[in-house]
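Below, each value reflects all heavy atoms present in this structure, side chains not excepted, and no hydrogens, waters or symmetry copies. Letters go in sequence order (proteins before strands), and every chain restarts at 1.
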Number of protein chains: 2
Amino acid sequence: MRDDALDAAFSALADPARRAIVARLSRSSATVNELAEPFTITKQAVSKHIQVLEQAGLITRTRDGQRRPCHLDPAALEALTGWIDTYRLEAERQYRRLDGVLATLKDQHSKDQS
Amino acid sequence: MRDDALDAAFSALADPARRAIVARLSRSSATVNELAEPFTITKQAVSKHIQVLEQAGLITRTRDGQRRPCHLDPAALEALTGWIDTYRLEAERQYRRLDGVLATLKDQHSKDQS
DNA sequence: TCGTTGATCAACTTGTCGGTTGATTACCTC
DNA sequence: GAGGTAATCAACCGACAAGTTGATCAACGA
């Protein structure tokens, strides 16, 4: 995943309204009006949020007459978790390594004492 | 994880410089100067990025004389992947369900034909 | 064809963000 | 205590993002 793609994706999820849209779309596809219904902001604002999510590649859109249903793209979400996990796992690996070193040192110390 | 915590965390990762810092810290802890070294921007700007990451709970800081080393927090990263996976898995489940329905319909159609 | 509805476009306001420069704090060393 | 170094604070600037209102486009139904 390219750098600007990660920018767009993380930035898209940094907004609670857009996360709510993602959550809603995980249950089923929905139109702009359906997605806008639970919000107090204008439909135009919701439309903008949707465009941000689409631009980030997190959702796709199809045509159904005058409707433009939105669909969540699980693969895009997986790419994000993939990025995060890369560094989370590396960090955990390093911490375990450090723990091992400390345990060895402590062991040495015990031996020296005896 | 609370809503504003997710705001802060995703927003923090939406910047390539901050992601680079996270990547660097996954290998080992580091001070502000060490983290600033690969960047062309000023040390103050890097310091701000670090504060953003700390505020978001993605990193922690300790004291070592006049140094203020930064440490990556794998648990915070895990919380993020947890949020994403919740909706990714739900979406995948829904898609599988839909595939099942379509398969059943197609099956019915074949039977009707015969 | 005309009114209605789903959705977007355009222009504008407001607030926040990333970056800079300059000054300041805190700690270490000699 | 004096000087040097790690790091932050404060004030400022330009750019961009979220939201609004008003107008517009495109497709449907009677």
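With Glu37(B) contributing its side chain and Glu34(B) its backbone, the two residues share no donor-acceptor pair below 3.5 Å.
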_Step-by-step salt bridge (charged side-chain N to carboxylate O under 4.0 Å, His left out) determination, Arg2(A) to Asp7(A)_ = CA-CA 9 Å; Arg2(A) 280 205 324 287; Asp7(A) 284 15; over 6 Å; no
*Going through the distances and angles, do Ser29(B) and His71(B) end up as a side chain to side chain donor-acceptor pair (under 3.5 Å)?*
CA-CA 5 Å; Ser29(B) 299; His71(B) 322 277; 2.6 Å; yes
_Audit row: Gln94(A), Glu90(A), side chain to side chain donor-acceptor pair (under 3.5 Å) steps and yes/no_ = CA-CA 6 Å; Gln94(A) 293 297 338; Glu90(A) 174 65 19; 2.8 Å; yes
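Rounded to the nearest 0.5 Å, atoms CG (Leu58(B)) and CG (Leu25(B)) are 10.5 Å apart.
Of all heavy-atom pairs between Ala8(B) and Ala56(B), the closest is O-CB, 3.5 Å.
Taking 3.5 Å as the limit, the base of dG22(C) and the side chain of Gln44(B) contain a donor-acceptor pair of atoms between them.
Each of Ala17(A) and Asp64(A) has a nearest nucleotide on DNA chain D; the 5'-most of these lies closest to Ala17(A). For the pair Lys43(A) and Gly65(A), both in contact range of DNA chain D, the more 5′-proximal nearest nucleotide belongs to Lys43(A).
One interatomic measurement links the two molecules: CG of Leu35(B) to C1' of dT8(D), which rounds to 15 Å at whole-angstrom precision. The nearest whole Å value for the distance from the CD atom in Gln55(A) to the P atom in dT8(C) is 13 Å. One interatomic measurement links the two molecules: CZ of Arg63(A) to P of dG6(C), which rounds to 14 Å at whole-angstrom precision. What separates CD of Glu37(B) from C1' of dA6(D) is a distance of 15 Å, to the nearest Å. In this entry the distance linking CD1 of Ile59(A) with P of dA7(C) reads 12 Å, nearest Å. Rounded to an integer number of Å, the gap from CD of Gln66(A) to P of dA26(D) is 13 Å. One can place CD1 of Ile41(B) at 16 Å from P of dC17(C), the figure rounded to the nearest angstrom. Atom-to-atom, CG of Asp15(A) to P of dA18(D) comes out at 6 Å; the value is rounded to the nearest Å.
If you check dA26(C), dT8(D), dA7(C) against the side chain of Arg61(A), the one that comes closest is dA7(C). Residue Arg67(A) has its side chain nearest to dG6(C) when only dT20(C), dA7(D), dG6(C) are considered.
Using a 4.0 Å heavy-atom distance criterion, Ser11(A) is classed as making no nucleic acid contact.
Distances shown here put every side-chain N or O of Asn33(A) at or beyond 4.0 Å from the OP1 or OP2 atom of dT5(C). An OP1 or OP2 oxygen of dA26(D) is reached within less than 4.0 angstrom by no side-chain nitrogen or oxygen of Arg68(A). Side-chain nitrogen and oxygen atoms of Thr42(B) include none within less than 4.0 Å of the OP1 or OP2 phosphate oxygen of dT21(C).
Among residue pairs with one or both ends in residues 76-87 of chain A, those qualifying as side chain to side chain donor-acceptor pair (under 3.5 Å) are Asp85(A)-Arg88(A); sequence neighbours excluded.
For the contact set between residues 47-54 of chain A and DNA chain D, defined by any heavy atom under 4.0 Å, the members are Lys48(A), His49(A).
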